[in-house]
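Below is one structure, written out as structure tokens, with a few remarks after it.
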Amino acid sequence: MKLKVWLSSPHMGGNELKYINEAFDANWIAPLGPNVDGFEQDIEKFLNGRVKVAALSSGTAALHLALIECNVGHGDEVICQSMTFSASANPIAYQGATPVFIDSEKDTWNMCPDALQEAIVDRMAKGKKPKAIIVVHLYGMPAKMDEILSIAAEYDIPVIEDSAESLGSKYKGKACGTFGRFGILSFNGNKIITTSGGGALVCHSQEDKEKAVFLSTQARDNAPHYQHSHIGYNYRMSNISAGIGRGQMEVLADRVEGRRKMHDFYAEICKDMEGVELFSEPDSDFYSNHWLSVITIDETKALKTREDLRLAFLEEDIESRPIWKPMHLQPVFEDAPYYGGKVAETLFGNSLCLPSGTNLSDEDRERIAKVMIEVLSDKKEYSVSR
Ligand SMILES: *Cc1c(COP(=O)(O)O)cnc(C)c1O
């Protein structure tokens with residue numbers, strides 16, 4: 001029997017167990033230790049050598065702490081990209097604040113700068129200045145950071161970059177996650193590298209990092225007994241998870257290259273298909289890690305629909321998935337304000353995430369190509385160059 005082809009599965013590098021064994025040998029089985037420190041340093045070095053990184057239990061926890069450090073509280077409003085995973089928006093609700101959702105633009109599928117400007121002006125006219133802006137680099141594609149940062153600076157609103165999907169991506173040569181007041185990373189099982197579950201907050205000062213570490217370890221004041229003057233959280237990364245992370249950091253550059261090769265593989269398959277477009281960088285300012293390769297199928301031009309392709313994959317035990325359903329269309333956020341048009345909604349209706357893992361075999365790729373060609377090409381003959 002053929003094995004299932006996954007969208008994005010963990011891909012170990014080989015040295016993860018070495019770091020875990022070190023932790024066992026030294027009995028560092030705790031949410032602190034040499035692997036946590038080492039993993040943080042590896043990420044700092046990878047991003048630019050100047051940022052300060054706090055390793056946490058998840059990307060969601062990192063977003064929550066970023067909002068707390070931006071002083072987001074009850075009754076505040078926070079601007080958030082609509083087309084994203086729910087974890088980008090949920091921490092706004094944890095703080096008792098209201099999300100204000102923004103449409104995507106067509107080049108990067110990320111936050112539309114025009115709709116962002118419109119939202120800020122309108123929210124301020126209604127008497128509330130947004131406390132923060134959460135921008136996402138979806139599927140690894142960098143958002144239009146020049147435009148977004150300049151609008152944020154004009155109104156003096158801090159930007160939080162959700163880089164959960166974009167470790168290794170760059171905008172104008174600079175690492176995603178390092179542009180905003182804070183950046184967040186995720187090391188969940190399906191991300192480009194994983195610690196089984198985990199995340200990180202990217203800070204620009206030691207002070208911001210220390211505050212995150214303090215809050216993530218139950219906000220314990222400096223005293224011999226347990227003394228607290230803040231509400232704390234249990235959000236620190238464990239030294240075991242961080243051991244996996246150190247092994248994964250050794251192969252991150254390879255993983256980025258591998259994901260980008262998967263994107264090239266799909267470009268080759270789709271190049272002559274009518275009505276089928278592969279989600280790609282608009283120009284050389286954008287460098288995506290292509291965490292997931294995504295195609296858009298225009299039903300008016302293509303041979304079949306997005307659903308036809310998804311079901312054909314399913315039949316062959318190949319996992320594919322519609323893109324994130326925009327947050328402004330989610331029942332849980334139906335009362336939240338929204339600015340923009342129907343770009344995100346339209347993309348949601350006709351786009352599909354394709355298997356993009358770096359550990360797929362040639363045989364897996366052949367199975368994928370065969371289905372795509374049978375469904376979407378009128379040539380029907382199957383040939384992919386390797
Ligand atoms: C995965 C993800 C998160 C959440 O990260 P976790 O580590 O799973 O909590 C947040 N935002 C986006 C866009 C993600 O893809």
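Just so you know, ligand 1 is whichever comes first in the structure, and atom 1 is the first atom listed for that ligand.
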Between [X] and [Y] (side chain of the first, backbone of the second, donor and acceptor by atom type, cut-off under 3.5 Å), is there such a pair?
{"X": "Asp103", "Y": "Val343", "value": "yes"}
{"X": "Glu334", "Y": "Leu329", "value": "no"}
{"X": "Glu161", "Y": "Phe179", "value": "yes"}

May I ask you to check whether [X] has an N/O atom sitting below 3.5 Å from an N/O atom of ligand 1?
{"X": "Trp291", "answer": "no"}
{"X": "Trp324", "answer": "no"}
{"X": "Thr84", "answer": "no"}

Is there a side-chain contact between Asp208 and His204 in this structure, where contact means two heavy atoms from C-beta onward sitting under 4.5 Å apart?
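No. Closest side-chain heavy atoms not under 4.5 Å.
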If you define the side chain from C-beta out and look only at heavy atoms, does anything of Pro355 sit under 4.5 Å from Trp6?
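Answer no - side chains too far apart.
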Identify which of Ala89, Ser163, Ala164 has a heavy atom lying nearest to atom 14 (C) of ligand 1.
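Residue with the shortest heavy-atom distance to the ligand atom: Ala164.
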Measure from atom 6 (P) of ligand 1 to every heavy atom in Ala62, Gly59, Pro91 and give the option owning the shortest one.
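Among Ala62, Gly59, Pro91, the closest heavy atom to atom 6 (P) of ligand 1 belongs to Gly59.
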Thr60 and ligand 1 - part of the residue with a heavy-atom distance under 4.0 Å
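It is both parts that get close, each with some atom under 4.0 Å.
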Against heavy atoms of Gly198, which atoms of ligand 1 measure under 4.0 Å?
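This gives 7 (O) as the contact atoms.
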